[in-house]
Protein chains: 2
Amino acid sequence: MARRFRGSEEVKVDAKGRVSIPAKFRRVFESCDPDWSTGKRPQMVIVFGTRDWKHLQLFTIEAMNEIDDSIAAMPRGSAERNLLENIYHGHAEETEIDGDGRLVLPQKLREKIGLADGAFFISAGDSLKVWTPESYAEEEQRLESLVPDFEPGADPLSLLGSASKTEG
Amino acid sequence: MARRFRGSEEVKVDAKGRVSIPAKFRRVFESCDPDWSTGKRPQMVIVFGTRDWKHLQLFTIEAMNEIDDSIAAMPRGSAERNLLENIYHGHAEETEIDGDGRLVLPQKLREKIGLADGAFFISAGDSLKVWTPESYAEEEQRLESLVPDFEPGADPLSLLGSASKTEG
DNA sequence: AGGGATGCCATGGGATTTCATGGGAAGCAA
DNA sequence: TTGCTTCCCATGAAATCCCATGGCATCCCT
């Protein structure tokens, strides 16, 4: 089964804050949860990040384990490690996908990103980002404005291998 | 059940100094108390640390046992061991979670961190930190400001692996 | 290839349980 | 007594469980 997310999807949010996880994404959560087996509920981690985040980020168990390990490998007490722990341990929640294939987003998190009627999922490698359809539209504009001076017809793959530490 | 804390939560502090331990955290205290069984009260240790601490730190019994062992393995009489004993033995208290899932914080401790109406819990690996909502907000800003080139909107994971000086 | 059956999937709703929180009354110390 | 604790109960709100339905895609049989 697939081990990475690909694609995007828009779903409804009901009055109880329930959000149906599109089946293709559910499969990824299942196969990346080491304790999962048919009939069980796939576990996952919701990272909601600091105050300014307008989205949630859903991680498979395996992806989160990798992150936990990387953080644990950083020097104790370093500012970077403290900040990462604050975000990925402090500003995160463990949950599971319910028997009907839905995720229940606690009221607090819904309010944080202004989630009401609809939720927009978009793949990001080994995690899935959740936006309101409106704020995702803004985000997309922001992203496009960041695209460097790509010559018309340039191949994005030319970026592979180049790495700068932060984005702008 | 989960053996590590994840997430954060804000709760009320009532006139009697009672603080409800959010259920997800209570489960961790239960499963990390070797003597606990259904119906019993989970034990824990409150570390309030030195004068400058603006938070309390709540440890499960198992986590505290580990710390005790590590301290016991240090050379007797060393300055480091004395300091650690002073904090984790001298400036700490054993308590339990009451039948309603609440922790009663002695007045002395509430005064120490200025706890009045609300308490903010945040996970820190195998312990839980307690702040006033106000001082936590400051702490969070401090954490962010310590990481030099962390720009708003950047992906925090870009920090993975980068490790600089320790904080003060 | 057509058409029906089957199964999966997104969505909805009612009933039940858990949870955070508030308050009264009984114990205990100063 | 007066002021803290400790125990027990009450309550509204939120979360969870369980079942229902209609649409869509897939499979299978003819």
Side-chain angles (χ1 to χ4, degrees), chain A residues 1-2 5 7-31 38-44 46 48 56 58 93-112 115-122 128 130 133, chain B residues 1-2 5-31 38-44 46 58 93-112 115-122 128 130 132-133:
Chain A
M1 261 304 139
F5 298 104
S8 59
E9 208 71 42
E10 185 170 341
V11 297
K12 298 213 168 177
V13 180
D14 73 14
K16 297 176 184 174
R18 293 180 300 187
V19 176
S20 187
I21 303 287
K24 63 184 172 191
F25 297 145
R26 211 182 304 148
R27 298 282 123 67
V28 181
F29 286 112
E30 290 168 352
S31 63
T38 309
K40 281 206 195 145
R41 303 180 167 196
Q43 305 290 121
M44 58 178 304
I46 310 177
F48 50 94
L56 307 175
L58 312 182
E93 303 256 351
E94 285 183 13
T95 348
E96 55 187 24
I97 297 179
D98 75 13
D100 299 330
R102 286 182 282 201
L103 187 64
V104 185
L105 293 175
Q107 201 171 34
K108 204 178 78 176
L109 296 191
R110 273 180 277 154
E111 281 168 9
K112 180 164 190 294
L115 212 63
D117 296 341
F120 184 78
F121 290 94
I122 184 157
L128 204 52
V130 188
Chain B
M1 259 305 139
F5 297 104
R6 198 183 297 265
S8 55
E9 209 69 44
E10 185 169 339
V11 297
K12 300 215 167 176
V13 180
D14 73 13
K16 300 176 184 175
R18 294 180 300 185
V19 176
S20 186
I21 304 286
K24 64 185 170 193
F25 297 144
R26 211 181 303 147
R27 305 243 160 68
V28 180
F29 285 111
E30 290 169 352
S31 64
T38 308
K40 282 205 196 147
R41 303 180 166 196
Q43 305 292 118
M44 59 180 302
I46 309 179
L58 311 181
E93 303 221 353
E94 287 187 9
T95 348
E96 56 185 24
I97 297 178
D98 76 12
D100 297 333
R102 286 183 279 202
L103 188 64
V104 184
L105 291 175
Q107 204 170 26
K108 198 178 77 176
L109 296 190
R110 271 181 279 154
E111 280 167 10
K112 180 164 189 295
L115 212 63
D117 296 342
F120 185 80
F121 290 92
I122 185 156
L128 203 54
V130 189
T132 66

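What you are looking at is a predicted structure, and each value in this text was computed from that prediction instead of being measured. Just so we're on the same page: letters track the sequence lines, and every chain starts at 1.
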Please tell me which of A:Lys24 and B:Ala15 maps to the more 5' nucleotide of DNA chain C, matching each residue to the nucleotide holding its nearest heavy atom.
A:Lys24
Rounded to whole angstroms, how far apart are [atom1] on [X] and [atom2] on [N]?
X        : N      : atom1 : atom2 : result
B:Ile97  : D:dC7  : CD1   : C1'   : 17 Å
A:Phe25  : C:dA10 : CZ    : P     : 10 Å
B:Glu9   : C:dC19 : CD    : C1'   : 11 Å
B:Leu103 : D:dC7  : CG    : P     : 14 Å
A:Asp14  : D:dA14 : CG    : C1'   : 13 Å
B:Asp117 : C:dA20 : CG    : C1'   : 16 Å
B:Asp98  : D:dC4  : CG    : C1'   : 15 Å
B:Arg102 : D:dC8  : CZ    : P     : 13 Å

Pair of N/O donor and acceptor under 3.5 Å linking D:dC9 base with B:Asp100 side chain:
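A donor-acceptor contact between them is present.
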Side-chain donor or acceptor of B:Lys16 under 3.5 Å from a matching atom on the base of C:dG24?
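Answer is yes: a donor-acceptor pair is held.
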Salt-bridge present (A:Glu9, A:Lys24; N to O < 4.0 Å)
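Looking at A:Lys24 together with A:Glu9, the answer is yes, because their closest N to O distance falls below 4.0 Å.
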Should the pair A:Arg102-A:Asp100 be classified as a salt bridge under the 4.0 Å nitrogen-to-oxygen rule?
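A salt bridge links A:Arg102 with A:Asp100.
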Which part of the nucleic acid does A:Gln107 contact within heavy-atom distance under 4.0 Å: base, sugar-phosphate only, or nothing?
sugar-phosphate
Once you apply a heavy-atom cut-off of 4.0 Å, does A:Leu105 come out as touching a base, just sugar-phosphate, or nothing?
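If one applies the 4.0 Å heavy-atom cut-off, A:Leu105 turns out to touch nothing in the nucleic acid.
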Has [X] got a side-chain N or O lying under 4.0 Å from the OP1 or OP2 atom of [N]?
X        : N      : answer
B:Arg26  : C:dA20 : yes
A:Arg18  : D:dC18 : no
A:Arg27  : C:dC9  : yes
A:Arg110 : D:dA14 : no

Candidate nucleotides [options], ranked by approach to the side chain of [X] - the nearest:
X       : options                : answer
B:Lys12 : C:dG12, C:dG22, C:dA20 : C:dG22
A:Ser20 : C:dA10, C:dG12, C:dG22 : C:dA10
A:Arg41 : C:dC19, D:dC17, D:dA15 : D:dC17

Other residues, nucleotides, ligands: >12 heavy atoms within 6.0 Å of A:Glu10 CD:
yes
Output for pair (A:Arg26 CZ, A:Ile97 CD1), nearest 0.5 Å, gives 7.0 Å
If the plane angle is over 60° it's perpendicular, under 30° parallel, otherwise tilted; pick one for B:Phe25 and B:Phe121.
tilted
